[in-house]
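Just so we're clear, the structure is a prediction, and the values are computed from it rather than from any experiment.
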Protein chains: 2
Amino acid sequence: MSVEDGIDFAIIELFFFAYRDFTSDPDQILADYGFGRAHHRVLHFVNRRPGLTVAELLDVLKITKQSLARVLKQLIDTDHVVQLQGPRDRRQRELYPTAKGRALALALARPQSRRIRAALEDSSATERALVERFLEAMVNPELRAQIDVGSAKMSGKSHGEH
Amino acid sequence: MSVEDGIDFAIIELFFFAYRDFTSDPDQILADYGFGRAHHRVLHFVNRRPGLTVAELLDVLKITKQSLARVLKQLIDTDHVVQLQGPRDRRQRELYPTAKGRALALALARPQSRRIRAALEDSSATERALVERFLEAMVNPELRAQIDVGSAKMSGKSHGEH
DNA sequence: AAATTACGTCAATAGTACTGACATAATCTC
DNA sequence: GAGATTATGTCAGTACTATTGACGTAATTT
């Protein structure tokens with residue numbers, strides 16, 4: 001079981017190594033743009049949930065608005081993200097990726113996706129589902145609502161350019 | 001399959017959320033000591049591989065010695081880690097946890113371990129092995145040597161105070 | 001004896017995060 | 001409609017983790 005003193009050092013460590021290398025892929029690309037991981041995270045979620053508001057983004061990232069400000073401003077200034085006034089509530093700013101932003105988000109996701117594919121190479125659909133279930137179970141229960149496994153709810157995709 | 005454009009957004013995102021919450025557990029405890037995540041990582045590996053040298057630690061953490069310096073110094077000053085002159089090569093500094101250091105490492109690992117246990121609650125040994133294999137496969141192949149799943153090689157455990 | 005290695009340290013900088021405070025516009029509530 | 005609340009933006013100050021580059025010392029290797 002590789003558990004010692006009831007402490008699961010094996011998985012704790014594997015998780016560290018796995019995440020370290022998982023995030024190292026996009027880091028290379030980001031450096032070319034003068035961006036960091038924070039930009040990646042913002043761009044990822046704007047791309048995944050086009051039209052989400054600033055408040056929603058803060059909630060997903062679990063950072064403060066002051067932390068988001070610089071990063072978001074840079075993404076807007078470099079034409080990766082645009083803000084639109086909320087239709088229902090004009091105080092809100094809906095965030096959308098531009099074509100440029102979508103392209104970068106995709107470029108960043110590609111090597112990560114490749115790594116995942118390689119890791120699941122000989123895995124069945126059942127095994128893949130098991131890994132997904134494990135990762136989901138590692139998330140705080142109250143926060144699982146944030147997860148959007150892509151099936152329903154998010155039709156994204158066809159949002160035009162803005 | 002929840003794959004879109006050949007990009008595995010589902011697992012990319014799950015990995016982000018899982019790691020975010022996984023690291024949030026120890027963060028609370030660390031704050032009480034005025035420590036950060038860097039201290040946690042150092043303490044973890046010193047505890048796991050007692051006697052490892054500074055160079056080995058740098059290699060595992062993939063940071064520079066200047067980054068390590070401050071954090072390691074604090075852990076030494078607060079009596080969580082001790083340095084011993086290398087027996088073969090007196091230039092080397094072997095790092096060992098003190099009893100205090102081991103206690104903190106354990107305290108930090110406990111909530112993470114609890115989270116993992118909960119996530120694997122209804123899982124068989126086979127399923128657990130599958131998750132381990134997935135995480136290991138996510139690590140860069142050249143770096144898998146760093147992993148030490150606890151079975152062999154590392155007898156740690158019985159090192160006395162130093 | 002000279003080169004290399006392991007480690008420590010000083011200085012300057014960058015990226016990401018935080019708290020606290022204040023401003024503006026829009027919406028909600030009484 | 002007046003006042004409270006909400007969504008967002010911004011300014012100032014600080015902390016933590018990380019970087020590069022440079023230099024020093026002691027020990028080992030060549």
Side-chain angles (χ1 to χ4, degrees), chain A residues 16 19-20 23-24 26-46 51-78 81-96, chain B residues 16 19-20 23-24 26-46 51-78 81-96:
Chain A
F16 165 73
Y19 199 74
R20 181 195 64 181
T23 52
S24 76
D27 282 355
Q28 319 281 307
I29 303 169
L30 289 162
D32 298 336
Y33 290 77
F35 290 162
R37 280 190 202 168
H39 300 84
H40 184 190
R41 289 196 287 269
V42 170
L43 190 56
H44 169 89
F45 284 107
V46 169
L52 95 172
T53 65
V54 171
E56 286 165 350
L57 184 54
L58 290 175
D59 201 50
V60 167
L61 297 176
K62 293 267 170 290
I63 57 172
T64 59
K65 72 180 162 179
Q66 294 90 331
S67 295
L68 176 62
R70 173 189 55 98
V71 170
L72 183 55
K73 194 169 187 318
Q74 288 175 343
L75 286 170
I76 291 168
D77 290 347
T78 55
V81 171
V82 288
Q83 289 182 309
L84 294 183
Q85 204 169 52
R88 281 171 291 285
D89 186 334
R90 286 184 303 170
R91 289 171 305 179
Q92 295 185 331
R93 301 285 176 272
E94 294 188 343
L95 303 172
Y96 294 91
Chain B
F16 164 74
Y19 199 74
R20 181 196 64 181
T23 52
S24 75
D27 283 355
Q28 320 280 308
I29 303 170
L30 288 161
D32 298 337
Y33 290 78
F35 290 160
R37 279 189 202 170
H39 300 84
H40 185 188
R41 290 197 286 269
V42 170
L43 191 56
H44 170 89
F45 283 108
V46 169
L52 95 172
T53 64
V54 171
E56 287 166 349
L57 184 54
L58 290 175
D59 200 52
V60 168
L61 297 176
K62 291 268 171 288
I63 57 172
T64 59
K65 72 180 163 180
Q66 295 89 332
S67 294
L68 176 62
R70 173 189 54 96
V71 170
L72 183 56
K73 193 172 188 316
Q74 289 175 342
L75 286 170
I76 290 168
D77 290 348
T78 54
V81 172
V82 289
Q83 287 182 311
L84 293 183
Q85 206 169 50
R88 282 171 291 285
D89 186 335
R90 286 183 303 173
R91 287 171 306 179
Q92 295 185 329
R93 301 283 177 273
E94 294 188 343
L95 303 172
Y96 294 92

Separation of dA7(D) P from Leu84(A) CG (nearest whole Å)
19 Å

What pair of heavy atoms forms the shortest contact from Tyr96(A) to Val46(A), and how long is it?
C-CG1, 3.6 Å

Closest nucleotide among dG9(D), dT16(C), dC16(D) to the Val54(A) side chain:
dG9(D)

So do the side chains of Leu58(B) and Ile63(B) get within less than 4.5 Å of each other, counting heavy atoms only?
yes

Side chain of Ala55(A) only, heavy atoms from C-beta on: which candidate in dA18(D), dT16(C), dT8(D) is closest?
dT8(D)

Are Arg41(A) and dA17(C) close enough that a side-chain N or O sits under 4.0 Å from OP1 or OP2?
yes

List the steps and the verdict of side-chain contact (heavy atoms from CB on, under 4.5 Å) for Leu72(A) and Gln83(A).
CA-CA 10 Å; Leu72(A) 183 55; Gln83(A) 289 182 309; 4.2 Å; yes

Can you check the Gln66(B) CD to dA14(C) P distance for me, whole Å?
16 Å

Length of the line joining Asp89(B):CG and dA26(D):C1', which is rounded to integer Å:
10 Å

Side-chain N or O of Gln85(A) closer than 4.0 Å to phosphate OP1/OP2 of dA7(D):
no

Once you apply a heavy-atom cut-off of 4.0 Å, does Glu56(A) come out as touching a base, just sugar-phosphate, or nothing?
nothing

Tell me what His39(B) touches on the nucleic acid: a base, only sugar-phosphate, or nothing, going by heavy atoms under 4.0 Å.
sugar-phosphate

Whole angstrom is fine here: how far is it from CG in Asp59(B) over to P in dT5(C)?
15 Å

Considering heavy-atom distances to DNA chain C, does Pro87(A) or Leu72(B) have its closest nucleotide positioned more toward the 5' end?
Leu72(B)

How far apart are the closest heavy atoms of Leu30(B) and Gly36(B), and which atoms are they?
CD1-O, 3.6 Å

Presence of Ser67(A) side-chain N/O under 4.0 Å of dC18(C) phosphate oxygens OP1/OP2:
yes

Any side-chain N or O of Arg88(B) under 4.0 Å from OP1/OP2 of dA6(C)?
no

Expressed in angstrom and rounded to an integer, what is the separation of Arg93(B) atom CZ from dT25(D) atom C1'?
10 Å

Between dA6(C) (C1') and Glu94(B) (CD): distance, integer Å
13 Å

Can you tell me if the side-chain N/O atoms of Arg90(A) get under 4.0 Å from OP1 or OP2 in dA25(C)?
no

Just checking Arg37(B): base, sugar-phosphate only, or nothing, at a heavy-atom cut-off of under 4.0 Å?
sugar-phosphate

Nearest whole angstrom, please: distance from the C1' of dG15(C) to the CD1 of Ile63(A).
12 Å

Do the ring planes of His40(A) and His44(A) sit parallel (below 30°), tilted (30 to 60°) or perpendicular (above 60°)?
perpendicular

Are any of Thr64(B)'s side-chain N or O atoms less than 4.0 Å away from OP1 or OP2 of dA18(D)?
no

At 4.0 Å (heavy atoms only), tell me whether Lys73(A) reaches a base, stays on the sugar-phosphate, or touches nothing.
nothing

Heavy atoms of Arg20(B) and Lys62(A) approach each other most closely as NH1-CG, 3.5 Å

Would you indicate, yes or no, if dG15(C) has its OP1 or OP2 atom less than 4.0 angstrom from a side-chain nitrogen or oxygen of Gln74(A)?
no

Is there a side-chain polar atom (N or O) of Arg91(A) under 4.0 Å from OP1 or OP2 of dT24(C)?
no

Tell me the interatomic distance from Leu58(A), atom CG, to dC18(C), atom C1', rounded to whole angstroms.
14 Å

